[in-house]
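Note that the structure is a prediction, hence the values are computed from the model and not measured.
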Amino acid sequence: MQSGHIARWAAVMSAVLLTSACSQATGLAGVGATLRSAVPSGPVTGAGAAASPADPTPTPTAGKQADVEPPEGDDPVRVPPPKLSKYTYTFPVKGCEVTYSRKLLVLPKTTIWARQGCAFVAPVGGVVDEVNTKNRWRPSTDAGADREGRFVTIIGDDGVRYLGGHLDTVADGIKPGVRVKAGRLLGRVGRSGNARDTATNLYFAISWKTGPTFWWVRRGMVKPWDYLDAWRTGNRTLSPREETLELRAKLGETPRCTVLCASKQPKKPKTTPQAARSEPPSADDDGDGGVVSVTP
């Protein structure tokens, strides 16, 4: 009987020892116990040192950093201006320094100031329309039809009429009906007409084709400076065709004259025993003659 008690006591102690061993491995209530061997007891070396949170964070030095130069860029790509029309234009004075007004003064035209003899060229391809080689302007009458002195007009392939006046001379071979290309010499800058007391210049005007009787249309209807600016430094395909045709449709082909229309009335000579003497001809007068033009 004593041996049976001893056997039961041994079984109980074995169960207690087994439960104690399991508790040390898992901890209380399922919480894992930390093994003493998992925590390093001495200094850590090797790969473990790089992951240690005790390592100090490097700080930047106060020394001057080297200058950083940006890399060199490529040359800019030159993009041609957009093509605005099928026509190509040329500035009407070639090979000379020029200045010109960019605002409306009296008439919708501009005065291109250039030295004597500079080339007046066709601003666009077309056909010569009117040619006046005679300087018939007189200050006593100031006739409107004569104010531009010697001049040439062309009808461009764009349907627009271009006038260059105050010319010193008209180029050889330039006569009505002659076809010209853009840049073709039409005449030389001068100061004929009512520019005789000013610096040499080119009277430049844009309009549409009419007969010689309607000289006020010829002297300018469309403001030209925006087109001159484009042909000189901007887009050589900017065309006055659309603006010119719209204005002609609005005003009619032969609108009446409204600005600087009347000529001066010559003074009657006093009655004297001597015969009345007419006004002497201008120093650069070429004699009698009229405007030669293509029949409209």
List the atom pairs, with distances to 0.1 Å, where a side-chain N or O of residues 77-87 and a protein N or O form a donor-acceptor pair under 3.5 Å, not counting sequence neighbours.
{"residue": "Ser85", "atom": "OG", "partner": "Tyr87", "partner atom": "N", "Å": "3.2"}
{"residue": "Ser85", "atom": "OG", "partner": "Tyr87", "partner atom": "O", "Å": "3.3"}
{"residue": "Ser85", "atom": "OG", "partner": "Thr237", "partner atom": "O", "Å": "2.6"}

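- Remark: Tyr227 engages no residue in a ring-ring contact (aromatic ring centres under 6.0 Å, His included) (not counting sequence neighbours).
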Table please: side-chain donor-acceptor pairs of residues 162-176 below 3.5 Å, with sequence neighbours left out.
{"residue": "Tyr162", "atom": "OH", "partner": "Asp158", "partner atom": "OD2", "Å": "2.6"}
{"residue": "His166", "atom": "ND1", "partner": "Ser192", "partner atom": "O", "Å": "2.8"}
{"residue": "Asp168", "atom": "OD1", "partner": "Gln116", "partner atom": "NE2", "Å": "3.2"}

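- Panel note: side chain Asn132, backbone Gly149; a donor-acceptor pair is recorded below 3.5 Å.
- Both Phe214 and Ile206 sit in one connected hydrophobic cluster of ILVMFWY residues. Membership requires side-chain heavy atoms under 4.5 Å apart, directly or through other members.
- Here ring-ring contact (aromatic ring centres under 6.0 Å, His included) pairs that include residues 96-134, with residues two or more places apart or in two chains, are Phe91-Tyr100.
- Taking the side chain as every heavy atom from C-beta outward, Val93 and Arg232 never approach each other to under 4.5 Å.
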* Verdict with supporting geometry, Asp157 and Arg179, salt bridge (Lys or Arg N to Asp or Glu O under 4.0 Å) -> CA-CA 10 Å; Asp157 293 334; Arg179 168 157 284 278; 3.1 Å; yes
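- Nearest heavy atom pair, residue Val189 against residue Leu202, reads CG1-N, 4.1 Å.
- The hydrophobic clustering, which links ILVMFWY residues whose side-chain heavy atoms are closer than 4.5 Å, places Val152 and Val98 together.
- Considering only heavy atoms from C-beta on, Leu228 stays 4.5 Å or farther from Pro123 through its side chain.
- The NZ atom of Lys181 lies 12.0 Å from the OG1 atom of Thr90; values are rounded to the nearest 0.5 Å.
- Heavy-atom minimum distance, Leu185 versus Ala119: CD1-CB, 3.6 Å.
- With rounding to the nearest 0.5 angstrom, the SG atom of Cys96 is 11.5 Å from the CD1 atom of Ile112.
- The heavy-atom pair separating Gly220 from Ala205 by the smallest distance is CA-CB, 3.6 Å.
- Under a hydrophobic-cluster definition in which Ile, Leu, Val, Met, Phe, Trp and Tyr are linked whenever side-chain heavy atoms come within less than 4.5 Å, directly or via other members, Val180 and Val160 are assigned to the same cluster.
- Among residue pairs with one or both ends in residues 243-264, none qualify as ring-ring contact (aromatic ring centres under 6.0 Å, His included); sequence neighbours excluded.
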* **Thr200/Arg115 under side chain to side chain donor-acceptor pair (under 3.5 Å): CA gap, chis, key distance, verdict** => CA-CA 6 Å; Thr200 56; Arg115 61 179 172 80; over 6 Å; no
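- For the atom pair OG1 (Thr88) and CH2 (Trp231), the distance works out to 11.5 Å, reported to the nearest 0.5 Å.
- The two atoms that bring Phe204 and Lys109 nearest to each other are O-CB, 3.5 Å, heavy atoms only.
- Between atom CD of residue Glu148 and atom CH2 of residue Trp137 there is a gap of 11.5 Å, rounded to the nearest 0.5 Å.
- Of the possible donor and acceptor atoms, none in the side chain of Thr244 sits under 3.5 Å from a partner among the backbone N and O of Ser207.
- Checking side-chain atoms of Arg147 against main-chain N and O of Asp142 turns up a donor-acceptor pair under 3.5 Å.
- Between Met221 and Leu251, the closest side-chain pair of non-hydrogen atoms falls below 4.5 Å.
- A donor-acceptor pair is defined here as one N or O able to donate and one able to accept, closer than 3.5 Å; such a pair exists between the side chain of Thr110 and the backbone of Ser101.
- Nearest approach of Trp215 to Cys257, heavy atoms of both residues: CH2-SG, 4.4 Å.
- A side-chain donor-acceptor contact under 3.5 Å links Arg236 to the backbone of Tyr89.
- In this structure, Trp225 has no ring-ring contact (aromatic ring centres under 6.0 Å, His included) partners at least two apart in sequence or on a different chain.
- Cluster annotation: Phe151 is connected to Leu260 through the hydrophobic network of ILVMFWY side chains, with a link wherever side-chain heavy atoms come within less than 4.5 Å.
- Side-chain N or O atoms of Asn135 include one that pairs as donor or acceptor with a backbone N or O of Gly193 at under 3.5 Å.
- In plain terms, the two heavy atoms of Glu253 and Trp208 that are nearest each other are O-NE1, 2.8 Å.
- Contact of the Val128 side chain with the Ile154 side chain is registered, since non-hydrogen atoms from C-beta on lie closer than 4.5 Å.
- For the pair Asn201 (side chain) and Ala199 (backbone), a donor-acceptor distance under 3.5 Å is present.
- From Arg161, atom CZ reaches atom CD of Glu130 across 5.0 Å, with rounding to the nearest 0.5 Å.
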